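Values below: every heavy atom of this structure, side chains too, minus hydrogens, waters and symmetry copies. Quick note on labels: first sequence line is chain A, next is B, and so on, each numbered from 1. For clarity, every value in this text was computed on a predicted model and none was experimentally measured.
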Amino acid sequence: MASIRFKGITKKFGEFVAVSDLDLEMHDGEFVCLLGPSGCGKTTTLRMIAGLETPTAGQLLIGDRDVTFLHPKDRKISMVFQDYALYPHMNLADNIAYPLKVRGEAEAKRHARAREVADVLKIGHLMERMPSQISGGQQQRTSLARALVYPSEVYLFDEPLSNLDAKLRLEARGFLNHLQRDMGMTAVYVTHDQAEAMALATRVAVMDAGKVVQYAPPMEVYRRPATTFVANFVGSPPMNLLPVEAMIADGALHLKADRVSVAPLPVSRAVAAALKGNGKLTLGVRPEHLSIARGGEANAITGQLFANENMGPEKLVTLERDDAARFTARIFTDDVIALDATVTLGFSSEHIHLFDQAGARLPMDGEPV
Amino acid sequence: MTRYLGLYFTRIGFSVATALIGVFFALPLVWFIFAPFNPRAELGLSIPEPFSLANFETVFQNGFAMRGLWNSLVQSVGGVILVGAGATLASYALSRSPIPGKSVITYILLLFSSVVSGSAAMVPIFLIINGIGLIDTQIAVILVFAGGLLPTAMFILRDFIDSIPKSYEESAMVAGASPVQAFFDVALPVIRPGIVVVVVWAFVSIWGSFLIPFILLRSSEKIPASVAIYSFYSEAGTPIVTLLAAYSLLYSLPVVILYLFASWKFGFRFFGGIKA
């Protein structure tokens, strides 16, 4: 196991900048998720660790070794590919044992080791099958077995669960989490699914347009998103964001928007610096912090009922304002709730997130920045 | 009712028409199978009476013609090895490496190859081969065929390799394989169905080709079957139908066998990989 360090890594494809001046450190034994929309540079970042892409500029270290220009085979890494990349002409035993074959292990020995790993992953009985003769979930576990069959310093995962159906994905996710607890491996995991990142990572690097926007433990990313982009990406459904007029008067922050009432808030240093009197801010509230208003709430949003979706343990209630802006609330109740055409949602002041006009978070005083 | 009747007759008419067209195309093949066994075969179709192998006996005694079949085999196999190996390596490189303008290279080669193997280039080819002193050698024939067929073979194979995910070799390299190991262990077996298609196509092209060996070869002991077949024409230029038919059947057998073998062994699948 080893740490990974990016020092000013840039990767360009022609004129297109895929990864821009990246500085990132992943500690020994950490499970880092690179999270972001497609085209944000997360896969390119992973492929540079693997050596399948060469950085245009910068330096990459695994442990104390400079691997920037090292061939993939010499990096002591394992990788699980999105399409599994199982060799169609080899049976499962040969597929899993292939890394040992190129290391010159004798056939009996490498097949025994492959069987060992396959048994842990519950595919031991399939060793004679060809990859085309097993299910998608089994193919996924075969590619995982091939990555685990030899000792590596770093384990790389390129959206390994995205080709599985929903139920299998949950099962595989739980297994990966268990594996990480068991092995304490250094892992880098690329995904566009925020739930996967939240569930697996010890730290999440949220990426956007070739840059890391926030790099923090998952709960930190969830509780204190650094930008509106992160707020919008993490959480399901994403955070409700609403442009508001802001004004500081009588030592308090007053927020105003159509059909929204917000109680005056204390003025934090960040807000004071951003506003200088009055201006525009973005107000954020997570759906799970909104509830149906019973009257007397400090803060409330009113709109026309747009959708009322039953999810089982919870309901998703979506409102639409006249300007087509929508707000979603997650209401945790088993009861059938009858709603009028016009609905008011309430929320408490402690659940308010504020962002400046550029989208950067304005922390409350005393909040770690 | 009348409507159904009309439909009925249309159906019958259609079937009769297709049957007639089928017979039209089948007749030469039927002749091709029957004539060799008929000691009195003519250009008209007739059932062999009596059924005999006399034609083959005469053909087998013709050393020149038999040697032609052997030469055909030498030239075809030689050309196929060059085309197969060359096209595999070249198209793999063209598909996987970031050479700028690589598709332009393939298209230009493709364009020129249709000129090179065409009859328009016969005079320059003759002069070049004569200039390097390879005239009247089997090597000359093999080289000219390889040059003419390679671009198309590369074009077909490159398309095939493009459709195979790079992650196969990438996963092999991450697992510790060198690029050469990744090619032979992983890429080559996956590409093999494509290579088989190219090999069969190249073999058939060389086996059936007349003009190039006719121009480049002079001595009778080097001439392939496609040229040697003219020994079954009389001085006046009329074919000796009985012997010609027997020899033609022998001449076509290797190609038929190759097709059957390739189709049995590889199934002529054009696209490999795993279905998800």
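Heavy-atom neighbours of chain B within the stretch residues 35-65 of chain A, taken at a separation under 4.5 angstrom, comprise A:R47, A:A50, A:L52.
Side-chain N/O atoms of A:S162 and A:Q82 include a donor and acceptor closer than 3.5 Å.
In this structure, A:V102 and B:A177 approach most closely via the heavy-atom pair CG1-CB, 3.8 Å.
Each of B:P189, B:S178, B:P165 has some count of heavy-atom pairs under 4.5 Å with chain A, and the biggest count is that of B:P189.
Residue contact with chain B, scored on non-hydrogen atoms closer than 4.5 Å, involves the side chain of A:K101 exclusively. Contact of A:M90 with chain B is made through the side chain alone, with heavy-atom distances under 4.5 Å. Of the two parts of A:R103, only the side chain, counted from C-beta on, holds a non-hydrogen atom closer than 4.5 Å to a non-hydrogen atom of chain B.
Remark: A:R115 engages A:D119 in a salt bridge, criterion side-chain N to carboxylate O under 4.0 Å.
Ring centroids of B:Y107 and B:F155 are separated by less than 6.0 Å, placing the two rings close together.
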CA sep, side-chain torsions, deciding dist, call: B:E170, B:K166, salt bridge (Lys or Arg N to Asp or Glu O under 4.0 Å): CA-CA 6 Å; B:E170 285 176 350; B:K166 266 188 189 176; 5.6 Å; no
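Listed for the B:K102 side chain is a donor-acceptor partner under 3.5 Å among the backbone atoms of B:L94. Judged purely by atom type and a 3.5 angstrom limit, A:R169 uses its side chain to pair as donor or acceptor with the backbone of A:L164.
A:F175 and A:H178 have tilted rings, their planes meeting at an angle from 30° to 60° on a 0 to 90° scale.
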